[in-house]
Amino acid sequence: MHAVLVSYFILSLLAGLLALFPWPAARIRGYFGGMGGALAALVGLIPVIAVLGGGSPIDMQMSWGLPLGSLHVRLDLLSAWFALPVLFVSALGGIYGMGYMQHYGERSGVGVNWFFYQLLASGMFLVLISFDGVLFLIAWEIMSFAAWFLVMFDHEQGTVQKAGWIYLAATHLGTAFLFALFILFADKTGSLDFSTFAVATGSANILFLLAVVGFGAKAGFFGLHVWLPEAHPAAPSHVSGVMSGVMIKTGIYGLIRVLTLCPVWEDWWGWLLIVIGICSGLGGIIFALVQHDIKRLLAYSSVENIGIICLGLGMGILGMKYQSPIAFLGMAGAMLHVLNHAIFKTTLFMGAGAIVNATGTRQIDLMGGLQKKMPGTALVFLIAAAAICGLPPFNGFVSELLIYLASYHGIIDHASSGAYPAFGGFAVIISLALIGGLAALCFTKVYGVIFLGTARDNRDVHAHEAPRTMLFPMLILALLCLAIGLNGYLLLHIVGPVVTGIHPQGSSMTGANMTALTQAWQTIGSISLVCCGVIALAALIVLIKFLAVRNRTICQEPTWGCAYSRPTAKLQYTGTSFVEPLASAFASLVRTRSKGDVDSSYFPQPESMSTNTPDLFMNGVYLPLFSGCSALFAHLRRIQNGRIHVYILYIILALCGIIVWSFA
Amino acid sequence: MEFRMNAPLALTGLAAALILSPLLRSIINRTKARFAGRQGQVMLQPYFELHKLFQKGSVYSHTSTWIFRAGPVVEITTVLAALCMIPLGGNPALIHFNGDLLLFVYLLGMGRFCTILAAMDTGSSFEGMGASREAFFSALAEPSLLIGLGGIAALTHSLSLSEMYGRLNIGILESPMAPALVFILFAFLIIFLTENARIPVDDPSTHLELTMIHEVMILDHSGFDLGLIEYAGSLKLWVLGLLLTGLILPLHTHSAELNLVLAIGALFLLAVCVGVIESTMARFKLIRIPQLLVIAFVLAALWIIWIARYSA
Amino acid sequence: MITHIIVALLVLINLQMLGSSRLGGLIRAVALEALLMGFLTLVIHTGQFTWYEWVVIGSTITVKSVLLPLLLKRALHETVVRRDVEPLVGYSLSLFFGLLFVGISALAVVKMPMPPIHTSPLVIMAGMLTVCTGLFLIITRTKAITQTIGYLVLENGIYALGIALAAESPFIVELGILLDVFVGVFVMGIMIENINREFDNIDTTQLTSLKD
């Protein structure tokens with residue numbers, strides 16, 4: 001197994017390096033990068049499945065030439081669970097990229113792009129299996145930098161450059177906190193190996209806060225998320241899918257890994273995560289609703305789903321103190337949502353990439369009626385959109401169900417005693433329901449405006465269906481959405497041991513865990529059966545309808561337009577108008593700026609209006625902070641004025657100071 | 001997996017729903033007519049209309065795709081599935097398991113999702129208008145529904161709709177948390193009016209596009225599709241009404257059949273009440289509806305105070 | 001007693017350099033100061049001089065008061081149009097600073113713990129004053145030639161401190177200083193010519209345009 005693990009890295013890097021060679025055709029680069037990467041990922045999946053299937057964790061330790069740390073890698077249950085989406089999604093993303101990069105033709109950066117793509121995939125896997133502080137940070141940096149190079153692929157455009165810089169600054173600010181975190185952990189024993197990490201008394205809270213900020217910057221907690229809506233649209237679509245689907249999950253992995261290293265979990269950690277979850281979930285979806293750019297919208301939606309994962313984690317931590325099944329259900333829901341979100345978010349980004357390729361624009365309000373031109377992409381996008389709203393029979397419903405069950409149990413079991421999980425459950429139910437409802441609003445807007453109706457602009461005259469290499473991974477992921485939705489109980493069996501292993505005292509809760517597991521298994525099993533029944537019933541009704549209307553007259557007419565004499569496609573609802581009730585209800589939070597006025601004279605001239613919603617934290621917190629700092633530091637620049645006389649004066653003053661000081 | 005087939009009673013309840021649900025609509029309409037001084041339509045009128053619609057052919061728009069044709073099918077399927085999960089008169093429903101209330105709410109959500117998409121499929125701004133409002137208002141109504149059910153769950157210590165409503169009897173009224181039920185009742189009433197597009201949220205008899213929500217979403221459907229949608233609407237009245245009447249009349253006699261009949265009677269009474277509400281109130285301004293839904297949310301969530309009283 | 005006269009003359013020359021506005025005058029003052037330093041060496045050294053000590057003193061005096069000032073005069077003629085000092089700090093204020101330096105040097109001689117010396121402490125005072133004057137000239141005069149002159153003055157001061165404080169064979173130290181001065185001035189001369197060629201003047205304030 002050790003050999004298989006190492007061979008994954010070798011194969012992955014080999015695929016990346018081979019893509020760098022100047023082959024005669026750019027397609028060959030794609031073969032090496034995409035197919036080679038997929039092959040490497042399949043190899044990597046072997047040890048992962050072995051561990052998840054009940055094998056013992058794979059542990060490898062070697063010393064290296066560096067003065068600090070050691071090469072200690074460990075593939076245990078937690079790493080294996082997170083590695084599953086990482087490998088799978090990066091493999092499918094590579095295949096998708098093969099088709100997507102053909103759009104760029106013979107550009108020079110394509111080979112470099114494949115190299116960094118493989119580096120990103122193997123970097124993420126290395127982060128998940130690192131069991132030593134120094135190795136973890138090295139892998140973290142490799143991952144972040146590879147992603148940066150991928151984001152800057154279109155670096156001729158100013159917006160892409162700006163997005164790249166914002167991403168780089170944000171990821172390094174987060175990494176600074178990680179440095180502090182690991183140093184604090186290693187304080188007692190001096191060694192940076194995870195197995196020797198010990199929590200000094202009183203420092204557990206600081207450690208948790210450092211972890212929340214450091215890993216939260218990568219995961220995209222609200223407030224630390226400002227790089228997400230910039231970086232994900234700027235990157236090519238297969239990269240956006242991988243970044244949004246799995247790279248931000250490494251932040252969640254890091255947070256959970258820190259939790260496994262702390263022997264005692266405080267109550268307020270759970271509350272903090274619930275608050276972060278509510279803010280991220282609601283903030284993410286509300287900002288997603290008012291976006292015009294499809295990839296920006298999907299990026300904000302990732303923030304929302306990270307919020308849902310945090311809600312599950314928070315409930316899990318709250319429940320741990322009370323030895324109740326809430327802990328298991330909440331954690332299981334969060335872990336399952338990690339996998340589910342990776343699947344459907346990647347599908348959505350791949351679909352968005354196909355749409356952008358077909359129409360040449362990212363603005364939703366310029367599209368329309370693509371259902372007829374791109375039926376395959378439309379179907380896949382529909383399934384993923386229904387999944388992300390948490391609707392049965394797809395997989396989003398299963399993971400949200402587990403978190404709901406945790407919350408409801410929190411209320412039921414603790415209602416009479418009035419303990420904290422009741423309040424936690426109360427808050428989580430309300431926020432999950434609101435998030436789900438708003439997500440439905442958002443994704444009906446997205447799907448309706450892009451695929452349904454008629455084209456609002458004559459851009460998509462040349463729109464065509466995506467090529468097969470792009471459709472194939474999308475179809476697989478969409479089928480997975482349905483499959484996991486209908487077979488949730490299988491996944492619950494796999495997730496169960498993972499969740500049990502998270503808390504150091506988890507094994508002592510086996511009794512409570514088993515009852516929770518059995519209950520949840522029964523619930524999900526029933527749901528699967530009911531969903532199958534619903535699908536069968538729908539098929540039956542379709543059959544009845546077909547039989548009934550076989551001999552009736554069916555005719556086709558233009559849509560009834562209330563007797564307007566000249567209906568145009570521009571009269572349709574746009575995305576902005578669809579969410580206008582919400583935008584005005586949450587106006588103080590969203591602060592949409594609109595430009596342009598309506599001419600109210602008798603013979604109106606051509607007018608235009610545009611709306612723009614800048615990010616709340618970017619404009620309200622970070623930009624003022626950074627410009628304040630730079631204004632402050634500009635004052636310090638007077639010291640460096642280029643005049644030699646002044647520099648010699650500085651030297652003499654320093655010398656005099658030293659002389660005086662040595663005599664004082 | 002528990003599918004306790006309490007066969008005769010559950011199936012009788014199901015059959016009653018399937019047969020009698022259009023009557024709810026006619027009761028509402030007759031009540032409104034009586035208030036207006038008219039005789040009102042024949043009690044069996046909805047059946048005649050359904051019959052007429054199921055005989056007709058359809059006109060489809062050039063713009064619409066298979067989603068438009070699939071919308072009504074998904075709507076009726078989800079409402080039928082939800083019907084199988086709601087208990088009638090304290091008797092367990094056909095399908096019940098721990099946590100089925102979530103599937104209930106989210107199946108209705110799936111139906112709504114597809115109806116909204118079908119409306120957007122026509123490419124007309126009227127349907128877009130209705131779809132936008134429907135999506136927003138139901139996004140605000142869903143938390144109230146779920147948290148209200150959470151309150152009932154806290155009271156009855158169970159997570160299955162059948163068990164929750166089955167355990168609501170006179171004895172529960174003596175529990176200290178019982179007054180919370182009254183608030184939840186009013187919240188459910190507001191949600192009932194919202195989800196079924198009744199006054200004061202929406203006027204089902206107007207066809208002014210600027211003021212419609214639900215009616216405008218189904219504007220373009222015709223023939224068999226429209227029949228399915230109308231029937232699904234009646235079923236939804238029945239289903240959501242049962243959520244409400246289960247709270248009003250926790251009277252359980254010893255005979256299960258009598259419970260069934262009483263519950264159906266309660267539903268008819270509810271229909272009369274809705275008719276009265278529709279006749280005495282006017283439709284709210286669209287800006288006021290989110291405020292109404294927030295009031296519903298506050299009412300549904302008030303039970304947390306009772307829990308907070310117990311904590312130290 | 002001769003020591004005291006020479007020290008007084010050194011103080012006066014330093015003050016004159018601080019208040020002078022003519023480049024030619026500055027160069028003559030530096031040459032004179034080097035000569036006085038040489039005389040000081042002869043006066044305070046007790047005992048007989050060996051022949052190499054004569055060589056060292058002779059070469060020091062030659063280089064510092066004859067050769068280098070000649071070099072500087074030649075550079076002056078070739079590059080500078082205005083034979084003006086162009087200070088950053090005005091002449092009166094420079095003189096005031098000069099008096100301040102005198103006071104500080106005297107104070108330092110009294111307060112600082114010194115190793116046992118066989119000369120009068122006034123020599124140390126003169127040396128420190130010269131060092132301060134040299135540094136002041138470097139900092140507050142803009143032309144590159146005045147910076148070279150300031151450097152020469154600085155080296156004179158260090159030379160004086162050396163002969164006062166060095167316990168045995170101070171002449172090795174002096175040889176080192178001499179070599180240092182020689183090479184330094186050569187390099188500065190080359191640089192002055194390059195600066196002139198590049199900027200058409202030797203105003204060092206123009207060098208700020210090289211700053212990033």
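Quick note on labels: first sequence line is chain A, next is B, and so on, each numbered from 1.
For the side chain to side chain donor-acceptor pair (under 3.5 Å) test, no residue two or more places apart in sequence or in another chain qualifies with T523(A). The side chain to side chain donor-acceptor pair (under 3.5 Å) search around Q371(A) returns Y447(A), not counting sequence neighbours.
Both the backbone and the side chain of A131(B) have a heavy atom closer than 4.5 Å to some heavy atom of chain A. Using a 4.5 Å cut-off between heavy atoms, E580(A) does not touch chain B at all. Contacts of F297(B) with chain A are made by side-chain atoms alone, with heavy-atom separations under 4.5 Å and no backbone atom involved. Neither the backbone nor the side chain of R112(B) comes within contact range of chain A; no heavy atoms are under 4.5 Å apart. For Q55(B), the parts lying near chain A are the backbone and the side chain together; criterion is any non-hydrogen pair under 4.5 Å. Looking at F397(A), only its side chain comes within 4.5 Å of chain B, counting heavy atoms on both sides. Within the 4.5 angstrom heavy-atom criterion, no atom of Y489(A) approaches chain B. For S577(A), the part lying near chain B is the backbone, with the side chain staying farther off; criterion is any non-hydrogen pair under 4.5 Å. With a 4.5 Å cut-off on non-hydrogen atoms, I429(A) touches chain B through its side chain but not through its backbone. With a 4.5 angstrom heavy-atom cutoff, A386(A) touches chain B via backbone and side-chain atoms both. Contact annotation for A301(B): both backbone and side-chain heavy atoms come within less than 4.5 Å of a heavy atom of chain A. For I67(B), the part lying near chain A is the side chain, with the backbone staying farther off; criterion is any non-hydrogen pair under 4.5 Å. Heavy atoms of A538(A) lying under 4.5 Å from chain B belong to its backbone as well as its side chain. Heavy atoms of S144(B) lying under 4.5 Å from chain A are absent altogether. With a threshold of 4.5 angstrom between heavy atoms, I116(B) approaches chain A through side-chain atoms but not through N, CA, C or O. In this structure, no portion of S138(B) lies under 4.5 Å from any heavy atom of chain A. Only the side chain of V549(A) comes within contact range of chain B, judged by heavy atoms closer than 4.5 Å.
Side chain of R69(B) to backbone of A118(B): no donor-acceptor contact under 3.5 angstrom is found. At least one donor-acceptor pair under 3.5 Å links the side chain of Y404(A) to the backbone N or O of A433(A). With hydrogens and angles disregarded, no donor-acceptor distance shorter than 3.5 Å links the side chain of S132(B) to the backbone of G128(B). Remark: side-chain polar atoms of W303(B) are not paired, donor with acceptor, to backbone N or O of F183(B) under 3.5 angstrom. Within the 3.5 Å criterion, the main-chain N or O of S222(B) finds no donor-acceptor partner in the side chain of K56(B).
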Review point. Which is it for S160(B) and D100(B) under the side chain to side chain donor-acceptor pair (under 3.5 Å) test, yes or no, and what are the steps along the way?
Key: CA-CA 5 Å; S160(B) 165; D100(B) 62 11; 3.3 Å; yes

**Study point:** side chain to side chain donor-acceptor pair (under 3.5 Å) between T576(A) and D365(A), worked out
**Key:** CA-CA 8 Å; T576(A) 322; D365(A) 290 333; 3.1 Å; yes

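Environment of CD1 in I287(B): sparse, with no more than 12 heavy atoms of neighbouring residues, nucleotides or ligands closer than 6.0 Å. By the 6.0 Å contact criterion, NE2 on H62(B) is enclosed, its count of non-hydrogen atoms from other residues, nucleotides or ligands being greater than 12.
Heavy-atom pairs under 4.5 Å with chain B were tallied for A585(A), G390(A), P375(A), A439(A); the largest tally goes to G390(A). By number of non-hydrogen pairs under 4.5 angstrom with chain B, the leading residue of G437(A), A385(A), P393(A), S431(A) is G437(A). Contact tally against chain A (heavy-atom pairs below 4.5 Å) for A135(B), S58(B), A139(B): the top residue is S58(B). Chain B forms more heavy-atom pairs under 4.5 Å with one residue of I435(A), I527(A), L438(A) than with any other, namely I527(A). If you tally non-hydrogen atom pairs under 4.5 Å between each of I544(A), I541(A), V449(A) and chain B, the highest count goes to I541(A). Put simply, of G150(B), G151(B), P143(B), P290(B), the one with the most heavy-atom pairs under 4.5 Å next to chain A is P143(B). Chain A forms the most heavy-atom pairs under 4.5 Å with one residue out of A300(B), A81(B), A153(B), and that residue is A153(B).
Of the residues listed (L181(B), L161(B), L101(B)), the one engaging I152(B) in a side chain to side chain contact (heavy atoms under 4.5 Å, CB included) is L181(B), and it is the only one. Here the options are T65(B), T122(B), D225(B), D220(B), the test is side chain to side chain donor-acceptor pair (under 3.5 Å), and the partner is Y60(B); only D225(B) passes.
Contact check for I229(B) versus T115(B): no side-chain heavy atoms found under the 4.5 Å cut-off.
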